[in-house]
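Okay, structure first, notes after.
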Amino acid sequence: MPPPRIGFVGFGEAAQCFAAHLATQGVAPISAYCHGQVNRPPYSDAFIAQAARHGVTLVDGLERLSDSDVIFSAVVVAAAKTTGEAIAGIIRPDALVVDINASTPAAKTHVAKAVEARGGRFADANLMGAVSLYGAKVPLYTSGSGAAQFARTFAPLGFTIDIAGPEAGMAAAVKMLRSVVTKGIEALVVEALTAASLAGVRQEALRGICDTMDATTFSKFVDMCIRTDVLHAERRAVEMEGVRDGLQELGLQPVMTEAVVKRLRLSSDSMLRTMFSERKSYTADDVLDAYHQKAVT
């Protein structure tokens with residue numbers, strides 16, 4: 001079977017990484033259309049040369065990608081939905097559209113419907129790591145009508161693909177919620193260590209944070225957080241109010257710490273502590289089920 005004809009809409013870091021890898025696998029032709037704030041037709045000589053080094057020919061209009069077997073959408077999140085609609089308008093039947101944008105599940109579902117209305121298939125593919133670390137082997141968590149086709153075509157070419165299911169948006173939901181944790185940890189660490197620097201205890205604080213986390217697996221830590229939240233959220237909220245005041249005394253605006261207080265207050269206000277304290281045993285899923293029930297009532 002000949003390699004697929006591939007087009008990219010958007011040609012930033014991820015698209016360039018994937019295109020360069022595909023070129024080493026003998027995949028050709030590869031074309032790209034870019035209409036960003038910096039790179040757009042008429043392209044600069046430097047951008048044309050950069051694309052060529054990745055085995056890619058730049059085209060000056062989206063319609064020039066209409067004969068592609070596979071089109072990757074790799075644009076900024078703000079443009080992902082409208083770009084997906086535009087791609088749906090130029091594809092031929094049976095084309096596969098792979099959306100690697102970090103957009104919402106609703107946006108992915110919207111684009112999927114537009115693609116499928118034209119007889120195409122849609123793969124909601126989400127980067128579950130940094131291209132700068134993993135390269136083209138970055139894990140891609142995928143769902144949608146074209147997820148299986150995406151895996152069949154690109155896994156043999158060296159892509160790391162895990163299928164969530166047949167519904168567009170499923171994988172995006174997991175990526176979105178993963179981002180809550182990963183970006184949240186980033187923001188918390190930056191706030192804590194900036195405060196530590198102001199207090200003159202940066203290295204000591206870093207050891208205090210990392211030694212505890214390194215002593216267990218993250219999955220065990222998550223399980224402990226959920227199970228104990230229902231019992232101790234009120235006490236922890238009071239403690240974090242004191243921490244908030246301490247950061248303010250250091251001259252730091254405690255943005256994340258204030259958010260932690262609010263989240264703990266929401267848990268304590270759920271009035272579930274008594275019910276769980278009377279149980280001999282319970283799981284993290286039991287707590288989450290109870291929080292879920294409170295959220296929908």
Side-chain angles (χ1 to χ4, degrees), residues 2-84 86-87 90-91 95-103 107-108 111 122-142 146 149-151 153-162 171-172 175 179 182-183:
R5 292 169 294 182
I6 294 176
F8 285 90
V9 181
F11 201 59
E13 181 184 20
Q16 291 179 28
C17 175
F18 290 168
H21 174 77
L22 289 166
T24 66
Q25 301 299 304
V27 176
I30 304 175
S31 304
Y33 169 66
C34 197
H35 198 268
Q37 292 184 341
V38 177
N39 297 306
R40 59 172 60 199
Y43 305 115
S44 68
D45 291 341
F47 189 55
I48 293 172
Q50 181 182 11
R53 286 195 295 272
H54 294 298
V56 173
T57 301
L58 295 174
V59 298
D60 58 7
L62 182 60
E63 67 281 356
R64 298 281 299 276
L65 300 178
S66 60
D67 64 345
S68 299
D69 299 306
V70 182
I71 297 179
F72 284 83
S73 178
V75 298
V76 295
V77 172
K81 187 174 177 180
T82 55
T83 298
I87 292 171
I90 61 97
I91 61 171
L96 172 64
V97 176
V98 181
D99 187 330
I100 66 171
N101 306 302
S103 48
K108 298 264 190 172
V111 174
F122 179 85
D124 163 18
N126 301 269
L127 280 66
M128 305 299 280
V131 170
S132 58
L133 294 177
Y134 290 94
K137 291 187 177 295
V138 61
L140 293 166
Y141 197 50
T142 307
Q149 180 184 348
F150 178 50
T153 303
F154 288 88
L157 296 171
F159 283 60
T160 305
I161 301 169
D162 187 17
K175 169 62 183 283
S179 293
T182 56
K183 273 66 169 184

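Residue numbers run from 1 in the order of the sequence given. All values below come from the heavy atoms of this structure, side chains included, with hydrogens, waters and symmetry mates left out.
Exactly one residue among Val97, Leu96, Leu22 makes a side-chain contact (heavy atoms from CB on, under 4.5 Å) with Val70. That residue is Leu96. Under the side-chain contact (heavy atoms from CB on, under 4.5 Å) rule, Leu65 has a single partner from Ile91, Ile71, Ile87, which is Ile71.
Side-chain atoms of Asn101 do not come within 3.5 Å of backbone N or O of Val77 as any donor-acceptor pair. Looking only at distances, a side-chain donor or acceptor of His21 sits under 3.5 Å from a matching main-chain atom of Leu157. Between the side chain of Tyr141 and the backbone N or O of Asp124, no donor-acceptor pair lies under 3.5 Å.
Here CG of Leu58 is found 8.5 Å from OG of Ser31. Values are rounded to the nearest 0.5 Å. Taken from CD in Glu63 to CD1 in Ile90, the straight-line distance is 8.0 Å, to the nearest 0.5 Å. Remark: Tyr33 OH to Leu62 CG distance equals 6.5 Å, nearest 0.5 Å. Between atom CZ of residue Arg40 and atom CG of residue Asp60 there is a gap of 13.5 Å, rounded to the nearest 0.5 Å.
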* **Chi angles and distances behind the side-chain contact (heavy atoms from CB on, under 4.5 Å) call for Asn126, Lys108** => CA-CA 11 Å; Asn126 301 269; Lys108 298 264 190 172; 3.6 Å; yes
* **Criterion ring pair (Phe, Tyr, Trp, His ring centres under 6.0 Å) on Phe154 and Phe72, from CA distance to verdict** => CA-CA 12 Å; Phe154 288 88; Phe72 284 83; 5.5 Å; yes
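Nearest heavy atom pair, residue Ala28 against residue Pro3, reads O-CG, 4.2 Å. Smallest separation of non-hydrogen atoms from Val56 and Ala32: CG1-CB, 3.6 Å. For Ser73 against Thr83, the heavy-atom pair with the smallest separation is OG-CG2, 3.9 Å. Contact between Ala74 and Ala15 at its shortest, heavy atoms only, is CB-CB, 4.1 Å. Here the closest heavy-atom approach between residue Ala123 and residue Thr142 is recorded as CB-CG2, 4.0 Å. Between Ile30 and Ala19, the shortest heavy-atom contact is CD1-O, 3.8 Å.
Side-chain contact between Phe150 and Leu140 is present, with heavy atoms from C-beta onward closer than 4.5 Å. Using a 4.5 Å heavy-atom threshold, the side chains of Cys34 and Phe8 count as separate. Within the 4.5 Å cutoff, the side chain of Thr57 has no heavy atoms near those of the Pro29 side chain. Side-chain contact between Phe11 and Gln50 is absent, with no heavy-atom pair separated by less than 4.5 Å. Within the 4.5 Å cutoff, no side-chain heavy atoms of Ser103 are placed close to those of Lys81.
Summarising the local packing, OH of Tyr134 is surrounded by 12 or fewer heavy atoms from other residues, nucleotides or ligands at distances under 6.0 Å.
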